[in-house]
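In what follows, residues are counted from 1 in the order of the sequence shown.
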Amino acid sequence: MEKPKRSYYLPGKLVSAFDKECSKSGYVKEKVVAAAMLSFLDSNPDTRSKMFDRLDSFLRGKKKS
């Protein structure tokens, strides 16, 4: 069975880190995504804001001086 194509953009850096962590820990990717989505939906607005800030800092990497 083929996986459906994504209609949204996922940064390569995020996908590679996700794949590496799932493989290392032996998790099923679809279940990890489902758990992350549930965690996001169950969180309050302040926690969601912090999640987006963490994502932004991860994607931008360390700032160069």
Side-chain angles (χ1 to χ4, degrees):
M1 180 165 106
E2 279 189 43
K3 295 193 179 203
K5 291 185 179 181
R6 294 183 178 124
S7 61
Y8 51 87
Y9 172 74
L10 286 175
K13 181 179 178 183
L14 181 60
V15 174
S16 332
F18 177 73
D19 287 343
K20 187 189 311 181
E21 288 299 314
C22 283
S23 296
K24 185 169 75 173
S25 301
Y27 295 130
V28 176
K29 294 177 195 174
E30 290 80 3
K31 290 186 178 184
V32 173
V33 171
M37 288 174 65
L38 180 63
S39 174
F40 178 80
L41 293 173
D42 283 346
S43 65
N44 63 42
D46 292 330
T47 305
R48 288 183 188 181
S49 176
K50 288 177 187 174
M51 289 179 188
F52 282 123
D53 290 341
R54 287 182 63 206
L55 176 62
D56 184 55
S57 66
F58 173 80
L59 293 176
R60 292 181 190 266
K62 294 182 181 177
K63 292 186 179 180
K64 296 177 183 175
S65 326

Worksheet item: Within the distance-only criterion (no hydrogens, no angle test), does the side chain of Lys50 pair as donor or acceptor with the backbone N or O of Pro45 below 3.5 angstrom?
Response: no
Discussion item. For Lys24, give me all partners under side chain to side chain donor-acceptor pair (under 3.5 Å), at least two apart in sequence or on another chain.
Written reply: Glu21
Response to the item:
Between the CZ atom in Arg54 and the OG atom in Ser49, the distance rounded to the nearest 0.5 Å is 12.5 Å
Worksheet item: Taking all atoms of both residues into account, what is the closest heavy-atom pair of Ser16 and Gly12, and its distance?
Response: OG-O, 2.6 Å
Worksheet item: Who passes side chain to side chain donor-acceptor pair (under 3.5 Å) against Asp53, sequence neighbours left out?
Response: none
Practice prompt. May I ask whether Met37 and Val32 are part of the same hydrophobic cluster, defined by side-chain heavy atoms of I, L, V, M, F, W, Y residues being less than 4.5 angstrom apart, directly or through others?
Written response: yes
Worksheet item: With sequence neighbours left out, what residues match Phe52 under ring pair (Phe, Tyr, Trp, His ring centres under 6.0 Å)?
Response: Phe40
Worksheet entry | With Thr47 via side chain to side chain contact (heavy atoms under 4.5 Å, CB included) - residues at least two apart | Ser43, Asn44, Met51
Worksheet entry | Ionic contact status for Arg60 with Asp56, cut-off 4.0 Å | yes
Discussion item. The criterion is side chain to side chain contact (heavy atoms under 4.5 Å, CB included); which residues satisfy it with Leu59, sequence neighbours excluded?
Written reply: Pro11, Leu14, Leu55
Discussion item. By the ring-ring contact (aromatic ring centres under 6.0 Å, His included) test, which pairs, at least two apart or in different chains, include something from residues 14-37?
Written reply: none
